[in-house]
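The structure under discussion appears below in the form of structure tokens.
Numbering of ligands and ligand atoms starts at 1, following listing order. From a predicted model like this one, the values you see are computed outputs, not experimental measurements. Numbers here are sequence positions counted from 1.
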Amino acid sequence: MMSAREFNFDGLVGPSHNYAGLSFGNVASFSNVKSASNPREAALQGLAKMRELAARGFAQAVMPPQARPNFRLLRRIGFTGTDADVLARAYREAPVILACAYSASPMWTANAATVSPSADTFDGRAHFTAANLNNKLHRSEEHLQSTRTLRALFADERHFAVHEALPPTSAFGDEGAANHTRFSATHGGKGVEFFTYGRVEFDPSAPAPKKYPARQTLEASQAIARLHGLDSARTVFASQNPDVIDQGVFHNDVIAVGNGNVLFYHEQAFHDEGAVLNALRNALANVETDLSAIRVATQVVPVGDAVSSYLFNSQLLTKPDGTMALVIPQECQENRAVARYLEELVASGGPVDELIHFDLRQSMRNGGGPACLRLRVALTEAESAAMHQGVIMSDALYDTLVAWVGKYYRDHLEPKDLADPQLALECSAALEDLSRILGLPGLYDLT
Ligand SMILES: N=C(N)NCCC[C@H](NC(=O)CCC(=O)O)C(=O)O
């Protein structure tokens, strides 16, 4: 077995971060619609998390933001003329679509792709499939740049395979790693890949939410398992509980997180809790590993508190000594039930013995916690040497990026600012400079 480390690729928040209320079913996004955002603070909060985790010895990298506004989208739906014409008319006639074209949502890299480490795949390469995110207009074109970025970072085809997104239709609704968890004794050993979905396109009798959309289908999850060449004996598919989707659990990573052999989850997360645990235990038996399930009861933390605090949208990270730390948003400390639960958790003598909390309020107000902001990529030593090195977080890169943010980012953005043609120019200047900083000259198609 090869030794491997888990890199967390955190999304660098882009300069157009704003609150547009675009995600029906995501309570935070909906309730902060049209409030003023602070893109500079958002980016600095994300960078502070990256620096701190890197300083503690976790493998940390940065995923660059995407070009905004998305002129391609605006022009395709009939806005013509100069860029300034396009923006002015879109603002007048379709301000919500303009907000979609400006969304900085690629910051939530848990939705960028699904990743299967090389230990799990048929050809011994690490496989990536960009998520089509076709449930929401503002996220539905992210996969184009995500594929391009992943191919730039993981270019060596001897080690990596980067697949295009699934067909962009509701049958294949795919939200990437937010609905995917990998369990294994070690990052380098064979693991069990666990896919959760909210709906089955071709089985109308399958559970499905009534109020809010289910963004991931079983058909999409199965397609990814096929593309990545996963072994069916080590792959588990499970239905989310549709009732919690209707309470704001728009991705499974809002109600469960896994790492190593640990599943940390809310008792209401799955449609059939017992069947999920059994299936995971059986699959893990194939890699001689026991599941350690940490179950949180509704009585202790109601679903509403889990959703508002983002308790489960935490990162569960294995520390060098083998114990685990839970990376949580500050909101968890502010919720009494959750704070009390967490105190007991770390005192319980179980696998989680430390809490690391961050102020990620700018992202949280759009429904993005610590786990949304990162894409996990477990890499062997040879693979990590083969990936692009310019995105690995270090003190030097942190300092450079903080200065870069200071140069290009505004500290206040509200809906009317999206009509300002200057904002578009600032965004493109920032990204041009960033591609140089990261050593990725062809990263963006800025033509
Ligand atoms: N759970 C995970 N992994 N990711 C969180 C994604 C949050 C994102 N919010 C938004 O896209 C809000 C944009 C706005 O309203 O302006 C979404 O709903 O897709």
Side-chain angles (χ1 to χ4, degrees), residues 8-11 13-14 16-39 42 46 63 65-66 68-70 95-115 131-143 146 173-181 196 198 212-216 240 244-245 248-258 269 306-316 327 329 331 360-376 413-415 417-418:
N8 278 269
F9 281 75
D10 274 50
V13 179
S16 64
H17 160 65
N18 72 97
Y19 300 122
L22 302 175
S23 281
F24 179 58
N26 166 343
V27 183
S29 151
F30 240 53
S31 38
N32 290 308
V33 58
K34 295 190 176 158
S35 57
S37 65
N38 183 337
M63 188 76 86
Q66 301 197 0
R68 294 289 179 269
N70 180 348
V96 179
I97 297 180
L98 178 62
C100 288
Y102 254 122
S103 180
S105 54
M107 70 170 88
W108 300 296
T109 52
N111 307 116
T114 305
V115 185
N132 61 29
L133 300 174
N134 76 311
N135 193 261
K136 300 280 180 260
L137 172 62
H138 70 290
R139 307 207 65 181
S140 63
E141 296 205 346
E142 286 180 30
H143 68 92
S146 298
D174 176 24
E175 300 276 322
N179 293 318
H180 174 255
T181 310
T196 49
Y212 291 148
R215 297 199 200 179
Q216 181 92 28
Q240 291 175 266
V244 300
I245 297 179
V249 179
F250 56 98
H251 290 136
N252 181 65
D253 70 1
V254 173
I255 197 122
V257 59
V307 171
S308 64
S309 68
Y310 261 33
L311 167 62
F312 296 97
N313 199 259
S314 45
Q315 290 176 254
L316 192 52
V327 177
E331 284 75 355
L360 297 165
R361 254 190 242 287
Q362 286 287 326
S363 168
M364 285 286 285
R365 286 166 57 82
N366 250 341
C372 299
L373 284 162
R374 65 94 171 89
L375 182 66
R376 292 181 281 192
L413 211 53
E414 51 184 291
D417 298 324
L418 303 187

key: side chain to side chain contact (heavy atoms under 4.5 Å, CB included) partners of S103, counting only residues at least two apart   = L22, S105, H138
message = Applying side chain to side chain contact (heavy atoms under 4.5 Å, CB included), can you list everything that pairs with R365, at least two apart in sequence or on another chain?
response = Y19, N32, S35
Quick one: does [X]'s side chain have a donor or acceptor within less than 3.5 Å of a partner on [Y]'s backbone?
| X | Y | answer |
| --- | --- | --- |
| K136 | F24 | yes |
| Q216 | E175 | yes |
| T109 | F9 | yes |
| N366 | S363 | no |
| S16 | Y102 | yes |
| N132 | D174 | yes |

remark   = One should read off an interatomic distance between H17 NE2 and N38 CG, to the nearest 0.5 angstrom, of 7.5 Å
Pick one of side chain, backbone, both or neither for how [X] approaches ligand 1, counting any non-hydrogen atom pair under 4.0 Å.
| X | value |
| --- | --- |
| R215 | side chain |
| A110 | side chain |
| F250 | side chain |
| D253 | side chain |
| K136 | neither |

For ligand 1, which is the ligand I care about here, please tell me if [X] has any N or O atom under 3.5 Å from one of the ligand's N or O atoms.
| X | result |
| --- | --- |
| A20 | yes |
| A371 | no |
| Y310 | no |
| Y19 | no |

Taking only heavy atoms of [X] into account, list the atoms of ligand 1 that are under 4.0 Å away from them.
| X | answer |
| --- | --- |
| S29 | 12 (C), 14 (C), 15 (O) |
| A178 | 3 (N) |
| H251 | 1 (N), 2 (C), 3 (N), 4 (N) |
| G367 | 5 (C), 7 (C) |
| G21 | 14 (C), 15 (O), 16 (O) |

query = What class does the angle between the rings of F250 and Y310 fall in, given that below 30° is parallel, 30 to 60° is tilted and above 60° is perpendicular?
reply = tilted
inquiry  = Using every non-hydrogen atom in the two residues, find where I255 and A269 come nearest and quote the distance to one decimal.
reply    = CG2-CB, 3.6 Å
query = Which heavy atom of N313 sits nearest a heavy atom of D253, and at what distance?
reply = ND2-O, 2.9 Å
Top protein contact for [atom], by heavy-atom distance:
| atom | result |
| --- | --- |
| atom 5 (C) of ligand 1 | C372 SG, 3.1 Å |
| atom 11 (O) of ligand 1 | H138 NE2, 2.6 Å |
| atom 14 (C) of ligand 1 | N366 OD1, 3.2 Å |
| atom 17 (C) of ligand 1 | S23 OG, 3.4 Å |

task = Please state whether E175 comes within less than 4.0 angstrom of ligand 1, counting heavy atoms only.
result = no
message = Please confirm whether N18 approaches ligand 1 to less than 4.0 Å, judged on its heavy atoms.
response = yes
ask   = Do the non-hydrogen side-chain atoms of C372 and M107 ever get within less than 4.5 Å of each other?
value = no
remark   = The option among L373, N26, L22 carrying the non-hydrogen atom nearest to atom 7 (C) of ligand 1 is N26
